[in-house]
Amino acid sequence: MLLATVNSSIVLISLPAIFRGIGLDPLAPGNFSYLLWMIMGFLLISAVLVVTLGRLGDMFGRVKIYSMGFVVFAVASVALALVPFNGGTGALWLIGWRVVQGVGGAMLFANSTAILTDAFPAHQRGMALGTNQVSAIAGSFLGLVLGGVLAEWDWRAVFWVSVPIAVVGAIWSYRSLHELGERLAGKIDWWGNVTFAVGLGVLLAGIVYGINPYGGHPTGWTNPWVLSAVIGGVVVLAAFCVLETKIEQPMFHIDLFKGRLFALGSLAGLMTSIGRGGLQFMLIIWLQGIWLPLHGYNFEQTPLWAGIYLLPLTVGFLIAGPVSGVLSDRYGVRIFATAGLILVAASMVALMIIPVNFPYWLFASVLLLNGIGSGLFTAPNTSAVMGAVPANQRGAASGMRATFFNSGSALSIGIFFTFMIVGLSSTLPSALSSGLRGQGVPGAVADQVAGLPPVGSLFAAFLGFNPIQELLAPSGVLQHLPAANVATLTGKEFFPELISGPFQHGLFAAFLAALVMTLVGVVASALQGKEPAIELELPVAAPAPGPDAMPVPTPIPASGAGTNGVAPDGAASNGAGTNGAAASDGGAPNGVGSNGAASDGAAPQGASADGLTSAGAMKDRLLRVLLADPARALRAVDDLESSKGQLDQLHESMDVQREQLAGAARRLRQAGLSPAQVARLAGGSGREITELLGEPSPSDTRTGAPAQSYNN
């Protein structure tokens, strides 16, 4: 997850070096689209594909899709680093392979949360998902630091750095991860996939192109194409929602949004993601375009130092995220998620009122507060949303979560740049005109430059360079001005000082929008309620209703059978005493009486007088138990999940020991010993040894009777 999110931001801060590397002028006509899609390609494809890839994970195995994501990521990273072209062709090459890289990122995004939800019971899930989500969000800010460092050394290193991480991740994933989730057989919902991809893609593209000026307007929101794309995207997404309620096997069950916990948790996550993405862009512009040049940093160095000065934000995440996950497991998710967003809202207010040329300690304190608030929110919210869905839909739900995360980041580009441009357009022209006149630029030329769309000045600040020389070059006025004026106009401080006033006006509008979205998230988080995360993927048989009828099972030791009598091939999780036995394939968590339980979960012959005789009776008893004491029943199911996972570990350990024994037996046979001699040395039977070696099974060398098989 860290790999995927680092790459979503590492290019963001490295764009000046990348554009210089391929010889592309970002302010030249037509190159603005390259700039947008260099940022958007990864985010857009990740947002569009995560639900589909999550659904494929439900069907074919989450670990399989997840591991494949590393491979795709590594191949795309190599292609990006080896770009063979310059200019616009080179930009198209980078955009295309960033899209491929986004496919690999979507595979990771879509299934990582579902894999963790499968692996951890509910009372540990907040910690696990908190660590994962803090990695995701921290990665988006660590990418800023890493991109700044690598871009100053070699822009190609921005892409090379992903290759070894992806290779190691692929090897680690294939060797270490195992499928724990229930696969959901079915067909791919092609209609749903197509309508979702088209609707979301067109909507996001329309919003992003709303940044482009149109006609005499500073933005493109009066452009018929932009309006058509936004409205059309919403209509297609609405059609997708209706279509998913009619299809027998939809890619995503819209009914999940009927649950208050899932619906409001998803809304809070989306609002927070939009606000966080906008915050990232605004802070980069603030530091690279204004604050760092005003404090003597060269424009070539600003990406590196912008990443370094943003570290308090990452530190806040790393401190609060895991702590919040652990505490929310004990005390509930709502209080931590809501309190976290309140802290984020407070930091937004602080960013709106501090001066543009701030003292760094004040800026760092506000960033730390924002990071702590976001860290407090993320883990509990993720745990609540993922715990609210059935186990066989976790892949699709994880994909929808990731869609909200990535869509929020993509939406923030259009939304926050629009607010910034609107804010700049009211004050920047007059400030630019008067500033140029003050340095001897003729009034006609100054007014012409000041009348250009403010998006160019905004992206100049975003990319961290002074555009004045390029803006004045067509008029040739620089050749006729005194050397001192030329030095001032093209120096480090003139442009930042010129736009600092208008920028603060635009910044206020952007942070106000972020504050409103965060407050919507606060309300959604506070209204989630205390709905239990019901996970009934395992059938449970209970001998009698009521809380006392369902004691919580004792977890199985991973090292082998303990005093409760665990058997490797479907044994009981609580032994076979008076409480019965829970079958490893989905039997009762507390058993069905003194005679044990069958290995497939059915009631055994000779069970207690209260034994179940039909699936209907089992369901009726389960319902009565849940109504009598839901919390106790759900804890039993969670502990049974944990016990099943430990049984899987025990089976794996036994397989490893069997392979080691087989290797030792083969070496002894190669040394000339007979199977009987090897059996005596090993303390087993001749049949066991010959089975290990794949030889014909003799009678037991000690008794002459057929030997018991190793598996028995």
Side-chain angles (χ1 to χ4, degrees), residues 1-5 50-51 53-58 61-70 105-139 169-170 172-184 261-262 265-266 269 317-318 321-330 333 336-337 375 377-406 533 535 537-538 637-646 648-649:
M1 181 56 64
L2 188 75
L3 171 71
T5 54
V50 283
V51 175
L53 293 169
R55 172 67 172 169
L56 291 176
D58 288 339
R62 293 157 191 167
V63 170
K64 182 182 297 182
I65 303 297
Y66 178 82
S67 302
M68 195 181 302
F70 281 108
M107 291 178 174
L108 302 178
F109 267 116
N111 292 285
S112 66
T113 306
I115 290 171
L116 288 176
T117 306
D118 289 335
F120 286 83
H123 64 275
Q124 296 177 351
R125 194 167 292 147
M127 176 274 297
L129 294 176
T131 302
N132 187 56
Q133 291 307 304
V134 167
S135 297
I137 300 169
W172 189 1
S173 178
Y174 277 112
R175 289 178 58 88
S176 302
L177 296 182
H178 305 282
E179 295 286 358
L180 298 178
E182 173 187 353
R183 294 193 186 184
L184 185 64
L261 192 63
F262 183 84
S266 298
F317 277 118
L318 296 178
V323 173
S324 174
V326 172
L327 293 179
S328 64
D329 286 336
R330 296 184 59 185
V333 301
F336 291 97
F377 165 78
T378 300
N381 179 261
T382 304
S383 179
V385 169
M386 290 302 298
V389 300
N392 60 6
Q393 294 181 36
R394 283 175 183 160
S398 175
M400 187 60 73
R401 264 202 73 264
T403 295
F404 292 145
F405 184 90
N406 292 320
E535 301 168 10
E537 63 266 30
L538 296 175
V637 175
D638 277 330
D639 285 343
L640 182 58
E641 278 188 348
S642 179
S643 297
K644 289 184 68 180
Q646 292 170 344
D648 291 337
Q649 295 176 5

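The two residues Pro380 and Phe336 make their nearest non-hydrogen contact at CG-CB, 3.8 Å. Considering every non-hydrogen atom in both Met107 and Met68, the closest pair reads SD-C, 3.8 Å. Minimum heavy-atom separation, Ser112 to Tyr66: CB-CE1, 3.7 Å. Of all heavy-atom pairs between Ile65 and Leu53, the closest is CG2-O, 4.1 Å. Here the shortest heavy-atom pairing between Ala337 and Phe377 reads O-CD1, 3.4 Å.
The distance from atom CG of Leu108 to atom OG of Ser67, rounded to the nearest 0.5 Å, is 9.0 Å.
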